[in-house]
J.: 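Attaching a single structure in structure tokens format; questions to follow.
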Amino acid sequence: MPELPEVEVTRLSFAQRIRGAVVTGVLLGKPLRWPLGLDPGALVGQRVADVTRRGKYLWLAFAEGGGLLMHLGMSGSLAFTDGLAEPGRHDHFDLATTLGTLRLTDPRRFGAVVWSPALDAGPAAKLLAGLGLEPFAPAFTGSHLHGALRGRRVAIKQALLAGDIVVGAGNIYACEALFEAGIDPRLPGHKLSRPRSERLAAAVRGTLARALELGGSTLRDFRDAHGMAGAFQLHAHVYGRAGQPCHTCGTAIRRIVQGQRATYFCPLCQKR
DNA sequence: CTGGGCTCCTGTCAGC
DNA sequence: TGCTGACAGGAGCCCA
């Protein structure tokens with residue numbers, strides 16, 4: 001589910017409210033992707049300083065140092081509960097605080113909450129080490145993209161998804177950005193010309209920015225911390241539209257598989 | 001270093 | 001109606 005827009009929408013929906021909160025308890029459900037890495041009791045009394053984002057990871061920093069690195073995986077979402085609601089079968093992490101209880105719900109449990117002594121040390125540093133540039137960072141330009149694709153024979157769609165060049169575009173937005181840039185998702189990365197790299201970098205930024213404005217995509221169950229759904233899925237040009245007419249040329253949208261992931265594209269508008 | 005494939009887990013839906 | 005298999009928004013890890 002959550003790509004950069006959904007993660008950022010989630011962050012914006014609860015960061016303000018939880019800032020300054022003091023942890024009063026932690027409740028763990030079934031195991032997530034990795035263990036917390038700390039006795040949950042050790043978090044009691046810690047004060048939340050801020051919530052930031054790196055790629056699709058959230059970092060909930062404590063004033064005393066250290067913090068929780070959180071990932072929503074494929075099916076995770078964060079929301080406030082009134083603190084009295086019993087955890088459901090898919091609720092696997094509760095952070096009870098003086099300002100409310102933040103709850104991670106994640107049916108598939110690909111998500112994670114991991115304690116780290118700092119963002120640039122310990123488990124967090126290891127997990128974030130290979131991440132590419134933030135799409136909205138000034139350094140993410142067409143020439144950066146072009147340079148990073150040198151020697152990459154993998155298809156451009158998969159290079160975007162890999163996240164080591166630029167973070168944030170998952171399956172939906174990688175497909176949408178390639179449509180917007182008019183690029184065939186099967187094109188080997190190193191064959192993307194410099195001008196088309198400019199177009200693609202702009203399309204990645206533009207697509208993610210638009211999704212952010214629309215509150216992300218809610219395909220089935222994404223909600224921000226206030227329960228608000230996103231609306232980008234209503235504006236998708238290719239994702240999930242196999243067989244339907246292209247909004248630009250009317251050609252049937254195609255679905256192929258790349259790296260075990262579905263790719264949607266317009267065979268006429270998107271060129272090699 | 002690059003690339004390909006597998007894996008974690010549960011829910012939903014299409015097809016028979 | 002009930003069962004089975006495919007597929008789903010991610011990404012770390014292992015091996016060639």
Side-chain angles (χ1 to χ4, degrees), chain A residues 1-10 29-35 37 53-58 69-78 87-93 104-114 116 123-132 147-177 185-191 207-208 211-212 214-224 229-236 238-243 255-264:
Chain A
M1 159 197 29
E3 305 183 31
L4 184 146
E6 291 75 27
V7 174
E8 182 65 6
V9 163
T10 296
K30 287 191 198 171
L32 293 165
R33 181 161 191 173
W34 298 294
R53 180 191 56 73
R54 174 74 175 100
K56 297 170 192 167
Y57 286 91
L58 289 175
L69 190 69
M70 304 190 284
H71 198 290
L72 300 179
M74 203 79 136
S75 58
S77 59
L78 285 165
R89 58 185 305 202
H90 298 311
D91 300 328
H92 305 301
F93 180 84
L104 174 69
T105 302
D106 185 3
R108 294 179 73 181
R109 292 192 280 129
F110 291 170
V113 180
V114 177
S116 187
K126 191 185 173 210
L127 288 167
L128 303 181
L131 295 189
L149 287 169
R150 197 173 303 145
R152 291 274 209 123
R153 314 189 74 82
V154 74
I156 185 63
K157 154 82 175 339
Q158 289 169 270
L160 284 181
L161 274 192
D164 56 345
I165 298 176
V166 58
V167 295
N171 213 25
I172 300 177
Y173 303 119
C175 290
E176 294 298 321
R186 299 166 295 186
L187 182 76
H190 68 103
K191 290 194 175 171
T207 301
L208 293 175
L212 210 41
L214 290 166
S217 295
T218 298
L219 294 190
R220 43 165 35 105
D221 53 13
F222 170 71
R223 292 287 189 279
D224 72 11
F232 183 90
Q233 73 282 358
L234 303 173
H235 300 258
V238 290
Y239 187 84
R241 297 192 64 244
R255 178 190 186 277
I256 60 173
V257 174
Q258 294 179 289
Q260 294 94 237
R261 309 291 300 277
T263 297
Y264 299 88

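Every chain is numbered from 1 and lettered A, B, ... according to where its sequence line falls, protein lines coming before strand lines. Below, each value reflects all heavy atoms present in this structure, side chains not excepted, and no hydrogens, waters or symmetry copies.
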J.: Give the rounded distance in Å between these two atoms: OH of A:Y173 and C1' of C:dG10.
T.: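 Going from OH in A:Y173 over to C1' in C:dG10 covers 14 Å.
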
J.: Could you tell me if A:D91 and A:T105 have a donor-acceptor pair between their side chains, going purely by distance under 3.5 Å?
T.: yes

J.: Could you run through nucleotides 11-16 of chain C and give me one letter per nucleotide, 5' to 3': B if any protein heavy atom sits under 4.0 Å from the base, S if only the sugar-phosphate is that close, - if neither?
T.: BS----

J.: Between B:dG5 and C:dC7, how far apart are the two P atoms, rounded to whole Å?
T.: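 Per the computed distance, 15 Å lies between those P atoms.
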
J.: Nearest 0.5 Å, please: how far is OH in A:Y57 from CG in A:L131?
T.: 6.5 Å

J.: B:dG3 P sits how many Å from A:R153 CZ, rounded?
T.: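 Atom CZ in A:R153 sits about 8 Å away from atom P in B:dG3.
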
J.: Could you tell me whether a side-chain N or O of A:R153 sits under 3.5 Å from a main-chain N or O of A:P188, the two making a donor and an acceptor?
T.: no

J.: Atom CZ of A:R186 to atom P of B:dG4: distance rounded to whole Å?
T.: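 Checked: the CZ to P distance equals 15 Å.
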
J.: Could you tell me which residues satisfy side chain to side chain contact (heavy atoms under 4.5 Å, CB included) with A:R255, sequence neighbours excluded, listed by chain and number?
T.: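 Residues passing side chain to side chain contact (heavy atoms under 4.5 Å, CB included) with A:R255: A:A242, A:V257, A:A262, A:Y264.
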
J.: Take atom CZ of A:F93 and atom C1' of B:dC9, then tell me their distance rounded to the nearest Å.
T.: 20 Å

J.: Mark yes or no for whether A:E3, through its side chain, and A:I172, through its backbone, hold a donor-acceptor pair below 3.5 Å.
T.: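 Side chain of A:E3 to backbone of A:I172: a pair is present.
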
J.: Can you give the dot-bracket line for DNA chain C, using ( ) for pairs inside the strand, [ ] for pairs that cross earlier ones, | for pairs with another strand and . for unpaired bases, where Watson-Crick and G-U count if both distances are under 3.5 Å?
T.: .|||||||.|||||||

J.: Under the criterion of centre distance below 5.5 Å and interplanar angle below 30°, is A:F110 classified as stacked on the base of B:dC9?
T.: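 Ring-base stacking flag not set for A:F110 and B:dC9.
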
J.: Measure NE2/A:H92 against P/B:dC9 and give the value in whole Å, please.
T.: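 From A:H92 NE2 to B:dC9 P: 11 Å.
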
J.: Got a sec, which residues hit side chain to side chain contact (heavy atoms under 4.5 Å, CB included) with A:T218, two or more places apart in sequence or on another chain?
T.: A:F222, A:R223, A:A229, A:Q233

J.: Has the side chain of A:E176 got a donor or acceptor atom that lies under 3.5 Å from a matching backbone atom of A:A236?
T.: no

J.: From CZ of A:R241 over to P of C:dA8, roughly how many Å is that when rounded to an integer?
T.: 17 Å

J.: Using a cut-off of less than 4.0 Å, is there contact between a side-chain N or O of A:R150 and OP1 or OP2 of B:dC1?
T.: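 Indeed not, no polar side-chain atom of A:R150 lies that close.
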
J.: What string of B, S and - do you get for nucleotides 10-16 of chain B, 5' to 3', when a contact is any protein heavy atom under 4.0 Å?
T.: BSS----

J.: Please report, rounded to the nearest Å, how far the P atom of C:dC7 is from the CD1 atom of A:I256.
T.: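 Distance, rounded to whole Å: 14 Å.
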
J.: Minimum heavy-atom separation for A:L72 and A:P2, please, with both atom names.
T.: CB-CG, 3.3 Å

J.: Using distance alone, with no hydrogens and no angle criterion, decide if A:Q258 and A:T263 have a side-chain donor and acceptor under 3.5 Å apart.
T.: yes

J.: Does any pair with a residue in residues 160-174 of chain A pass salt bridge (Lys or Arg N to Asp or Glu O under 4.0 Å), and if so which ones, sequence neighbours excluded?
T.: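 Pairs touching residues 160-174 of chain A that pass the test: A:R152-A:D164.
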
J.: Send over the distance from A:Q158 CD to C:dG10 P, rounded to a whole Å.
T.: 14 Å

J.: Please check if the side chain of A:R241 supplies one atom and the backbone of A:G243 the other of a donor-acceptor pair under 3.5 Å.
T.: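 Between the backbone of A:G243 and the side chain of A:R241 there is no qualifying donor-acceptor contact (under 3.5 Å).
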
